[in-house]
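Take a look at this one; I'll ask things after.
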Amino acid sequence: MATFASNPTAPEDDDGYRLWLRYEPVTNAAIKVEYLKYASFIANTEKGEITGSALKELQTGLKQLIGKRVPAITTAGSRTGGVVFSLKPATGDSAAKEGYQIQPVSGNIVISAQSERGILYGTFALLRHMQMQQPLKNLRISSTPKIRYRMLNHWDNTDGTIERGYAGGSIWKWYELPERVDPRYEDYARANASLGINGTVLNNVNASARFMSQEYIGKVAAIANVLRKYGIKTYLSVYFAAPKTLGGLAGSDPLDPNVRAWWADKVAEIYKTIPDFGGFLVKANSEGEPGPQDYGRTHADGANMLAAALKPYDGIVVWRAFVYKADPDADRFKAAYEEFVPLDGQFDPKVIVQVKNGPIDFQPREPFSPLFGNMPKTPLGMEFQITQEYLGFAAHAVYEAPLFKECLESDTWVNGQGSTVAKVIDGSLHGYERTLIAGVANTGSDRNWTGHPLAQANWYAFGRLAWDHQLSAEQIAAEWTQLTLTRQIKSREHIVKMMLRSREIYIGYNTPLGLSRPWMGVHFAPEPWQSRGARPDWTATYYHRADSAGLGFDRTTSGSNALSQYRPQVQAQWNDPDKTPLPYLLWFHHVSWNKKLGSGRTLWDELCHRLYSGADSVSWMQQQWELARNDLDTRVYADVAGRLKVQRREAIWWRDAWLLYLQTFSRQPVPASLTPPDRTLEEVKKSVNIYLMR
């Protein structure tokens with residue numbers, strides 16, 4: 001397969017493979033003339049692989065943007081009219097070393113940095129600037145990442161499937177490796193490097209011990225050899241019981257000297273093959289996965305054992321906090337806090353605890369996890385989900401940057417007002433030395449990488465926010481649209497407007513007013529009536545708690561008291577149902593069907609209006625997309641238009657499922673201004689059952 005750098009698809013027949021690196025020819029004549037003034041040469045004095053990648057990218061980009069092949073030279077000397085890579089002595093921390101500056105100096109455009117990675121990131125920033133046809137006159141760009149480890153977590157399996165993958169199979173061809181290395185790996189690396197992503201976890205957190213075998217370490221090394229050229233370190237998810245299942249030991253007790261020795265030897269083997277290996281991601285004692293608690297040990301015991309094995313090397317341990325027990329009397333909302341806060345200060349400095357943005361599980365809207373701010377002695381990393389597990393898979397258009405920003409800008413109040421979640425994870429609040437943000441990847445083997453063409457924007461938005469969480473969702477959407485879809489201003493405005501509203505529209509027909517987890521099984525079909533499961537918190541009724549009196553989960557002192565895990569100022573936002581913002585109402589309160597809300601409607605009427613408004617607004621999204629039609633590639637236009645039709649149909653499906661089911665408790669009619677569903681609850685259930693059949 002040819003890479004999108006060497007064999008780009010024609011603009012009029014764009015299949016989406018090139019993502020935001022299309023490098024379409026510059027159409028502004030004056031801007032092109034200016035760009036040509038700096039296209040006499042590229043001066044690169046370095047011999048490293050990463051600066052070599054930067055040079056190659058800049059030559060490719062300029063050739064496609066301005067139609068000129070720009071030669072490479074080793075030093076500019078007194079020459080002017082080119083681009084110069086300037087590697088300066090390293091003086092700052094790891095984040096500073098990855099930063100870059102771009103500015104005109106003595107008749108050249110100079111990209112300066114303290115590391116090869118910085119040169120690479122600066123190169124992509126310059127190309128992004130030029131793709132958007134911005135002038136170079138008075139150009140001054142200086143940028144440093146706010147977070148040290150910026151990574152994708154792939155939930156890819158050895159058989160080529162992806163857990164929560166909606167864009168085809170895995171891009172990793174395990175049965176072909178290491179002899180055949182798919183050219184697609186390099187394009188994947190380029191796309192990530194263009195955003196400043198510097199780490200990739202290759203395999204599912206529900207891991208296989210196979211990845212610790214000598215055979216698979218060799219396969220991983222072949223991928224690492226590609227990613228390394230773009231400043232990306234390779235990580236692996238580990239199966240905690242590997243010493244027993246793979247190593248033949250009696251058990252995997254993290255305090256057993258034999259187990260510790262096995263891991264130390266295994267880590268040494270990995271680093272011998274992959275010298276810049278990034279480290280381990282671990283899911284343990286969660287949803288049936290083995291872990292240290294199987295031996296009466298703590299999460300800190302397990303993480304610290306792996307950290308000890310990594311001590312001679314630069315690798316880290318990323319330990320997931322997604323842990324909850326099967327307790328019928330507990331509130332899953334509280335589980336991670338109860339497990340991890342007592343362990344604060346007990347983790348090795350090489351350990352980062354990775355926390356999902358919300359306390360439940362990647363819902364369309366959640367309050368921020370109460371873990372953030374409550375473990376000042378333990379670095380906490382953010383885990384966002386880019387793949388749309390609970391956001392309509394690849395059938396629904398949902399731009400996730402507003403979700404990311406909503407969490408990052410939430411105020412924990414742990415050190416007074418302004419103690420945002422972003423300041424927790426970037427280390428500025430508690431002085432963490434190691435900081436991390438991870439996104440569960442939405443890439444797959446589909447030609448356009450993400451299935452839904454607009455889902456590319458979520459990969460892009462994650463990367464841009466991982467580098468700089470102060471960027472706005474609107475700025476990122478405008479950037480991505482111009483780079484990926486069209487330069488025409490009016491059409492861009494329609495698309496950006498649609499993107500910015502898309503999440504609220506989805507919430508409207510899916511989980512309005514703070515409803516959560518109305519589906520089980522395949523995480524796709526609406527099942528608010530689902531009440532049987534292997535454990536209570538694997539049912540839908542556990543979360544919404546609909547009954548004849550009302551709806552919602554009481555998490556105040558009269559209920560589970562989950563609110564007590566937040567600071568008093570945060571509790572004050574959500575403790576009183578009359579003052580709780582409506583988007584969070586049912587997260588924290590069981591509300592009477594007839595209670596008058598701040599909107600002036602009763603709970604029942606407000607639910608109905610939001611469900612209908614959400615479903616109807618998909619038609620508005622279709623209109624916005626249609627208005628941009630003439631400025632879009634025909635293939636991309638048709639793809640998204642077709643998916644929006646699916647989304648409209650399924651939005652009505654969701655609306656009807658919720659309304660007809662909840663109506664059995666409220667015993668109230670649909671408001672007169674709305675048209676009742678034209679099907680019965682039993683008919684909706686029958687349509688859902690199809691998705692549950694084997």
Side-chain angles (χ1 to χ4, degrees), residues 1-29 31-32 35 39 53-54 56-70 120-121 123-134 167 171 183-197 230 399 442-443 446-464 475-489 491-496 499 625 628-640:
M1 180 185 295
T3 65
F4 55 64
S6 60
N7 185 23
T9 309
E12 67 274 8
D13 191 25
D14 191 354
D15 62 8
Y17 184 78
R18 295 176 297 161
L19 299 164
W20 45 88
L21 301 176
R22 297 197 305 165
Y23 300 143
E24 293 293 321
V26 172
T27 54
N28 183 307
I31 289 292
K32 183 175 181 179
Y35 290 176
S53 296
K56 177 182 176 183
E57 192 71 31
L58 188 55
Q59 287 180 312
T60 297
L62 292 175
K63 177 68 169 67
Q64 294 174 208
L65 285 164
I66 59 177
K68 181 178 180 181
R69 187 185 184 284
V70 182
L120 179 66
Y121 300 146
T123 298
F124 277 113
L126 176 61
L127 287 168
R128 181 166 58 239
H129 185 88
M130 296 175 76
Q131 283 192 86
M132 294 191 291
Q133 302 191 117
Q134 298 298 307
I171 64 173
R184 188 169 180 136
Y185 303 162
E186 183 169 0
D187 287 334
Y188 165 86
R190 292 177 54 237
N192 279 322
S194 75
L195 305 174
I197 290 172
Y230 290 88
Y399 176 52
N442 65 343
T443 53
D446 281 5
R447 177 69 183 170
N448 72 355
W449 299 89
T450 59
H452 200 307
L454 300 187
Q456 294 181 1
N458 295 330
W459 180 6
Y460 184 87
F462 169 78
R464 294 288 280 138
Q475 177 184 341
I476 294 169
E479 243 179 45
W480 176 83
T481 302
Q482 185 170 357
L483 295 171
T484 310
L485 296 178
T486 178
R487 289 174 173 157
Q488 299 304 313
I489 295 175
S491 291
R492 292 205 321 263
E493 289 175 350
H494 290 304
I495 295 168
V496 169
M499 291 170 65
W625 187 249
R629 178 175 189 167
N630 292 338
D631 295 321
L632 295 169
D633 168 77
T634 54
R635 191 190 306 196
V636 173
Y637 165 78
D639 191 333
V640 174

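No experiment lies behind these values; they were computed from the predicted model shown.
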Is the backbone of Ile31 close enough, under 3.5 Å, to the side chain of Gln133 for a donor and an acceptor to pair up by distance? no

For Arg184 and Asp446, which heavy atoms make the closest approach, and how far apart are they? NH2-O, 2.6 Å

Salt-bridged, Asp187 to Arg190, with N to O below 4.0 Å? yes

Minimum side-chain heavy-atom gap Gln131-Gln64 below 4.5 Å: no

Could you pull out the closest heavy-atom pair between Ile66 and Ala39, with the gap in Å? CD1-CB, 3.7 Å

With sequence neighbours excluded, residues passing side-chain hydrogen bond (donor to acceptor under 3.5 Å, both in side chains) with Ser194: Trp20

Verify the distance criterion only: is there a donor paired with an acceptor across the side chains of Thr486 and Asp631 at less than 3.5 Å? no

Going by ring pair (Phe, Tyr, Trp, His ring centres under 6.0 Å), name the residues that satisfy it together with Tyr121, two or more places apart in sequence or in a different chain. Trp467

Roughly how far, to the nearest 0.5 Å, is NZ of Lys56 from CG of Leu120? 12.0 Å

Euclidean distance, Leu19 CG relative to Tyr460 OH, rounded to 0.5 Å: 11.5 Å

For Tyr35, give me all partners under ring pair (Phe, Tyr, Trp, His ring centres under 6.0 Å), at least two apart in sequence or on another chain. none

Mind listing the closest non-hydrogen atom pair of Ala167 and Thr443 along with its distance? CB-C, 4.5 Å

Just by modelled atom types, is the Tyr637 backbone N or O under 3.5 Å from a matching donor or acceptor in the Trp625 side chain? yes

Quick one: list whatever passes side-chain hydrogen bond (donor to acceptor under 3.5 Å, both in side chains) with Thr484, sequence neighbours left out. Trp480

My understanding is that only residues two or more places apart in sequence, or in another chain, count here; which of them pass side-chain hydrogen bond (donor to acceptor under 3.5 Å, both in side chains) with Tyr23? Glu57

Please enumerate all residues that pass salt bridge (Lys or Arg N to Asp or Glu O under 4.0 Å) together with Asp639, with sequence neighbours excluded. Arg643

Checking the side chain of Gln482 only, and the main-chain atoms of Met132 only, is there a donor and an acceptor separated by less than 3.5 Å? yes

So which heavy atom on Glu186 is nearest to which on Tyr230, and how close? OE2-OH, 2.8 Å

Any chance you could measure Thr481, atom OG1, to Arg487, atom CZ, to the nearest 0.5 Å? 13.5 Å

Is a donor on one side and an acceptor on the other found under 3.5 Å between the side chain of Asn442 and the backbone of Ala455? yes

Before accepting this row, confirm whether a basic side-chain N of the pair Arg492/Glu479 lies closer than 4.0 Å to the acidic partner's carboxylate O. no

Atom of Gly61, atom of Leu127 and distance for their closest heavy-atom approach: CA-CD2, 4.0 Å

Is the shortest heavy-atom distance from the side chain of Gln488 to the side chain of Leu632 under 4.5 Å? no

Could you check if a side-chain atom of Leu454 sits within less than 4.5 angstrom of a side-chain atom of Val640, using non-hydrogen atoms only? yes

Stepwise, does the side-chain contact (heavy atoms from CB on, under 4.5 Å) test hold for Leu195 with Phe462? CA-CA 9 Å; Leu195 305 174; Phe462 169 78; over 6 Å; no

Using a strict cut-off of less than 4.0 Å between a Lys/Arg side-chain nitrogen and an Asp/Glu carboxylate oxygen, indicate whether Arg635 and Asp14 qualify as a salt bridge. no

Minimum heavy-atom separation for Trp449 to Gly16, with atom names? CD1-O, 4.1 Å

Note, Leu483 side chain near Arg22 side chain (heavy atom, < 4.5 Å): no

Backbone N/O of Asn448 and side chain of Gln456: donor-acceptor pair under 3.5 Å: yes

